[in-house]
Structure formats: C-alpha cells, structure tokens
Amino acid sequence: MSELQAVVFDVDGTLVDSERHGHRVAFNRAFEKFELPHRWDEDTYGELLRVTGGQRRLHHYLEGQGMDGDERERLVPELHARKSEIFKELVEEGRLDLRPGAARLLSEIQEAGASLGVVTTGSGHWVEALLGRVAASVDFDVMVFGDDVEERKPDPEAYEVALDRLGLGPAQAVAVEDSAEGLQSALSAGLRCVVVVNGYTAEHDLSGADLVLDGFGDDDTPAQVVVDSHGTGCDGVVRLETLQKLVGAG
Ligand code: XBP
Ligand code: MG
C-alpha cells in the first residue's frame, strides 16, 4: 500500500476562484487597452474556459470572430502579455484570495512533511505573484506552469513533469483540481484526484474523480460532498487524512 508523499494542486478555480472576477476582468481590460471591441461576459467566459491556456483561448475566440491566422500570430502574444500584467495588478491590489479551507489544508500537508506541488495551465508570470501573496507561508516543492509543457491540460504532461521533479510515482500522490480538463490531466497521469468544483465547473463531467465537493470546507462551514467513490467518509472538510485514505485505497 502506498503512503501519500505529495499533494499536487491546480491553481485557477481550485486554490483560488480566480476566473470570473480575475482572469476574465483582465482579458476584458486588455481588449480595452488594445482598443478592441471584444468583451467576455461571465457566461461566454465559462464556455471559453474549456480551452485551457490564455493564449490558446484568445486564438480560439479571435478565430471565431473571423481574425486571420497571421493577424492572430502578431496580436495574441502582446495581448496576452498585457492581460497577464493586468492580472498581476489585480493580485497586487488584493483582489484575489485562497478559497475557504485551502489555507488550512495546505498547512496540514506542510506540517505533516508531505511535499506540495502546483500544476497549472496558467503562466508562471503571475502564478508566483499570486501564490506569493495569498499563500506566502507555504513552501511549494514544485511548480509547473503552462509555459513548462508542450501540451496543456487535459494532456497529462504537466502532472508527469511534476511527479518527475518530485521523484515520485503517481501512486504516491494525489491531485486536487476544479475542472473536467484538470481532472482528465491528473487521471491520465495515473493520479487519484479530488475535485473542488466552483461556479464554472459544477456541471462538468467529473467521471473518474475519487472525491467531489463544492469546496475544501472548514469545521464550522463544511462543504457539500457530491461524490465519494472510494468511501473516504469525508464529512465535507477535506483534510490530509482524507487524501491519505485515497492513496491507501489503492
Ligand atoms: C486555468 C487556465 C489558465 C487561466 C488563465 O489554469 O486554463 O489559462 O484561465 O491563465 P489551471 P493564463 O486551472 O490549470 O490553473 O492566461 O496565464 O493562461
Ligand atoms: Mg483549474
């Protein structure tokens, strides 16, 4: 039976509910700065989130708006760089924070001496600034950004890179995600996966997730357990021992 050696967290939507009022706002402000007419409302952005990676998302949307490939190749890198700067400003203004219960779980894992990883499709440009601000006391042993891999989620590459850097096999770690794309990435890499859904991902197809809740929960405000397929008996508060049961479940 494996022993839990590491917990690898997704960022956007998982540790931080960063999309609706974070990235989406930054994309819209970047459109404005570039004097482009596009604005992504909350519902549109929820659909666009199925395309992982901000640059890929912009290419997908602008192609759908009829912009040719050459113009997109010229525009998207600059537009995305500006968006990332704006997102970092939102972080520095304190507009984003860890989801409830995340700080508690991170410190439980860190105090127990297990390794902590971050695997995100997002750009390193802002991830370190965000975690440095909202999780300043947490020492992450590994961080894998979208720029570190050829293929973004749902491809397993990012999780495979994280496991390689940790020197661990998939049976020694658990992934924590928020979306179908992130879940598929973790499962394809062979990890067991807990999903904490948010407003954008509650209706995703989360088949294969070992445990699904609508948050990390805390003793005074437990989350709702949606799926507990390995019978961890989670009471709505995701604890280190909850994750250990998943690995122990084999
Ligand atoms: C979510 C993503 C990212 C963010 C935007 O990443 O797909 O693209 O939406 O960040 P994850 P960038 O859930 O894997 O953390 O614009 O830097 O890509
Ligand atoms: Mg995510």
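Note that ligands are numbered from 1 as they come in the structure, with each ligand's atoms numbered from 1 the same way.
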Is any NZ, NE, NH1 or NH2 atom of the basic residue among [X] and [Y] found under 4.0 Å from an Asp or Glu carboxylate oxygen of the other?
X      : Y      : value
Arg239 : Asp218 : no
Glu89  : Arg29  : no
Glu181 : Arg50  : yes
Asp178 : Arg99  : no
Glu78  : Arg82  : no
Arg20  : Glu42  : yes

Has ligand 1 got any nitrogen or oxygen that is less than 3.5 angstrom from a nitrogen or oxygen of [X]?
X      : result
Gly54  : yes
Thr120 : yes
Thr52  : no

Side chain, backbone, both or neither: which part of [X] has a heavy atom under 4.0 Å from ligand 1?
X      : result
Lys153 : side chain
His125 : neither
Phe87  : neither
Tyr200 : neither
His80  : side chain
Thr121 : both
Arg152 : neither

Original post:
Within a reach of under 6.0 Å around CD of Glu203, are more than 12 heavy atoms found that belong to other residues, nucleotides or ligands?
Top reply: no

Students should be able to answer this: which protein heavy-atom is nearest to [atom], and at what distance?
atom                    : result
atom 9 (O) of ligand 1  : Glu19 OE2, 2.7 Å
atom 13 (O) of ligand 1 : Asp10 OD1, 2.9 Å
atom 7 (O) of ligand 1  : Arg57 NH2, 2.9 Å

Subject >> Tyr45 and Arg57 side chains, donor-acceptor separation under 3.5 Å >> reply: yes

Original post:
Just going by heavy-atom distances, which of Leu48, Val11, Asp12, Thr201 is nearest to atom 3 (C) of ligand 1?
Top reply: Asp12

Original post:
To the nearest 10 degrees, how large is the angle at the Mg ion (ligand 2) between Asp10 OD2 and Asp178 OD1?
Top reply: 80°

Original post:
If you check every N/O/S atom of Asp12, which is the one nearest the Mg ion (ligand 2)?
Top reply: O

Counting each atom of ligand 1 from 1 as listed, which ones have a heavy atom of [X] under 4.0 Å away?
X      : result
Gly53  : 7 (O), 8 (O), 18 (O)
Tyr45  : 9 (O)
Ser123 : 12 (P), 17 (O)

Original post:
Does Trp126 have its ring centroid less than 6.0 Å away from the ring centroid of His23?
Top reply: yes

Original post:
Mind checking whether Trp40 and Tyr61 have parallel, tilted or perpendicular rings, split at 30° and 60°?
Top reply: perpendicular

Original post:
Taking it one step at a time, do Ile109 and Leu105 satisfy side chain to side chain contact (heavy atoms under 4.5 Å, CB included)?
Top reply: CA-CA 6 Å; Ile109 296 165; Leu105 180 57; 3.9 Å; yes

Original post:
Are the side chains of Val195 and Thr201 in touch, meaning some heavy atoms are under 4.5 Å apart?
Top reply: no

